[in-house]
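Accompanying notes for the structure given below.
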Amino acid sequence: MHYETSCAMSAERRTLGLLRWYMVDKDIADQLRSGTMAAFLLDRYRAIGARVDAATDRAAHRGARFAVLGALAGGAASGLVWAALALLLGSGRMSVASAGTAFFALRTVGSSLRGAVAYGTRMFRTGLYLDDWAEFIEEAGGHRMRRGSRAAPAPGVVRAESVGYRYPESDAPALDEVSIEVRRGEVLALVGENGSGKTTLSKLLTGLYLPTSTAVTWDDVKTRDLDPQALWRQTAVVPQDYAHWPLTARENITLGQPHGGDEAVREAAVRSGAQEVVDGLCSGLDTLLARQWWGGVELSGGQWQRIALARAFHRPAGLLVMDEPTSALDARAEHRVFAGLRRLAEDRAVVLVTHRLANVAVADRIVVLDRGRVIQQGTFAELVASPGLFRELWSLQNDRGARPGPARLRPSGLSGPGPARWPCPPRWPDPPRWPCPPRWPGPPRWPCPPQWPCPPQWPGRPPPSGPTGLPWPVRRLSPRRPGRGPPSASPRPTCRAPGPCRPRRSG
Ligand SMILES: Nc1ncnc2c1ncn2[C@@H]1O[C@H](COP(=O)(O)OP(=O)(O)O)[C@@H](O)[C@H]1O
Ligand SMILES: [Mg+2]
């Protein structure tokens with residue numbers, strides 16, 4: 001009974017444990033306070049606690065009832081035995097010596113029986129537990145990874161051929177008939193709306209998941225045939241939610257697998273912008289990044305993301321996958337990462353997942369996913385120039401509903417407000433540190449006012465090829481000087497001279 005109750009209540013007990021953790025966890029304390037959630041969580045905790053207590057009480061009462069019934073039955077039985085013994089002795093049918101022997105025999109048997117019953121109950125309960133344990137081990141065995149043992153060198157080409165993937169217990173496939181490939185030296189960008197399958201696809205490419213139909217191959221060898229450990233040694237991943245390991249800064253970057261010494265760590269940290277973070281730490285690379293321990297420090301979200309990027313850059317892997325790698329970075333750090341990406345891709349294949357479409361311009365090819373299917377592929381210029389989801393998202397990303405016309409948003413030298421229906425661009429001309437030019441999102445159907453010159457990125461115009469591959473000139477940002485405040489001293493970006501408007505296309 002107790003065992004059954006504890007099994008039935010295990011989910012509730014786990015919820016209680018989680019709630020206890022959430023209520024005392026420092027990382028969410030501010031959300032808990034600012035959301036005034038304490039009362040809500042406490043009420044829920046009390047309600048679940050009351051259910052668990054009630055179930056435990058019920059089990060205890062039932063157990064006690066059975067125990068009382070058992071004790072009554074046992075008492076009645078032993079009363080009968082003692083009464084019979086007394087009767088036999090009183091009636092002279094039993095000698096005193098026999099009665100004395102019977103008395104001691106009954107006492108001995110009684111205590112042995114009690115011990116046997118107690119041990120039996122304990123064994124029964126342990127047996128139930130062992131049955132469950134055996135069932136669990138059997139089921140867990142079914143989840144064991146069954147992969148091949150082929151060596152996995154750095155891949156020259158990673159290819160998905162009409163792959164499909166369906167999560168267990170999910171009706172709809174997360175990916176359906178997706179075919180893509182990325183080669184060493186290339187940057188492939190995956191773009192799409194939330195839930196379109198970008199993260200799932202990146203996990204298939206890195207062999208973290210195996211496709212449910214067809215295969216992902218590394219140099220024509222299926223990922224399921226490769227030794228998983230060898231395969232993962234060739235992958236560097238910046239996941240959407242990266243771990244905050246309670247280790248030193250050095251170990252957080254090397255993941256406990258150092259190579260190349262501190263020089264390699266420093267190089268990776270410089271590329272990701274983590275060096276600035278490390279330089280500000282009391283013990284540099286030896287600083288413990290966990291405030292829960294004495295001497296440990298706390299990093300901000302963006303600083304942690306720089307560390308996560310350095311972790312991936314430090315890994316000598318043939319495939320680098322970055323899932324929203326700069327979501328928490330400031331403009332300067334983000335610029336540094338994307339400006340350095342091309343050099344990083346020289347000796348590895350890079351898969352980039354990001355919602356900031358301006359960043360995917362660095363990619364050689366962009367794959368647009370929608371509900372698990374590839375719906376568009378091409379370069380940044382091709383996708384911006386052709387109608388489709390990419391251009392729509394691009395337009396939306398550049399339209400923040402800013403009212404057109406204010407003088408501060410107008411290119412210098414132009415006068416008069418823009419037309420009221422002009423939906424874009426909110427960042428025209430570029431804000432102080434934007435590496436320009438503004439993202440002109442205008443699909444061809446947007447009117448191009450004759451007095452406004454067209455920015456260079458008007459769809460259809462071939463992007464200027466800069467050293468970074470970005471379709472706009474990237475200036476070298478001056479390093480931040482400590483104590484000098486924002487980089488106001490750095491030269492303002494220089495936009496290209498705007499050209500004349502292209503004739504508007506219909507549609
Ligand atoms: N662990 C999971 N279990 C079940 N379904 C999942 C899981 N992870 C993602 N999905 C589903 O798979 C689809 C694609 O998810 P995901 O690849 O994370 O999309 P994206 O990264 O493009 O936002 C979504 O519909 C999502 O609900
Ligand atoms: Mg995702």
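Numbering of ligands and ligand atoms starts at 1, following listing order. Everything quoted here is computed from the prediction, not taken from an experiment.
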[atom] - nearest protein heavy atom and its distance:
{"atom": "atom 15 (O) of ligand 1", "result": "Thr200 OG1, 3.7 Å"}
{"atom": "atom 9 (C) of ligand 1", "result": "Tyr167 CE1, 3.4 Å"}
{"atom": "atom 21 (O) of ligand 1", "result": "Thr199 OG1, 2.7 Å"}

Does any N or O atom in Gly195 lie less than 3.5 angstrom from one in ligand 1, N or O only?
yes
For ligand 1, which is the ligand I care about here, please tell me if Lys198 has any N or O atom under 3.5 Å from one of the ligand's N or O atoms.
yes
Looking at the Mg ion (ligand 2), is there an N, O or S atom belonging to Asn194 that lies under 2.8 Å away from it?
no
Taking 2.8 Å as the cut-off, does Thr200 contribute an N, O or S atom near the Mg ion (ligand 2), distance below it?
no
Part of Glu193 with heavy atoms under 4.0 Å of ligand 1, whether side chain, backbone, both or neither:
backbone
State, yes or no, whether a side-chain contact exists between His259 and Arg315 at a heavy-atom distance under 4.5 Å.
no
Scan the protein's non-hydrogen atoms and note whether one is under 4.0 Å from atom 4 (C) of ligand 1.
yes
Qualifying residue, where the test is side-chain hydrogen bond (donor to acceptor under 3.5 Å, both in side chains) with Thr326 and the options are Arg306, Glu334, His335
Glu334
Is the Tyr209 ring parallel, tilted or perpendicular to the Tyr167 ring (thresholds 30°, 60°)?
perpendicular
Do [X] and [Y] have a side chain donor and acceptor closer than 3.5 Å?
{"X": "Asp286", "Y": "Thr248", "answer": "no"}
{"X": "Glu193", "Y": "Ser196", "answer": "no"}
{"X": "Ser213", "Y": "Tyr165", "answer": "no"}
{"X": "Ser327", "Y": "Gln305", "answer": "yes"}
{"X": "Tyr22", "Y": "Asp27", "answer": "no"}

Could you list the atoms of ligand 1 found under 4.0 angstrom from a heavy atom of Asn194?
23 (O)
Counting from 1 in the order shown, the ligand 1 atoms closer than 4.0 Å to a non-hydrogen atom of Ala174 are 12 (O), 13 (C)
Out of curiosity, is Ser170 lining ligand 1, as in a heavy atom under 4.0 Å away?
no
Taking a cutoff of less than 4.0 Å between a non-hydrogen atom of the residue and any ligand atom, is Gly192 in contact with ligand 1?
no
Is a side-chain N or O of Glu251 found less than 3.5 angstrom from the main chain of Gly256, in a donor-acceptor match?
no
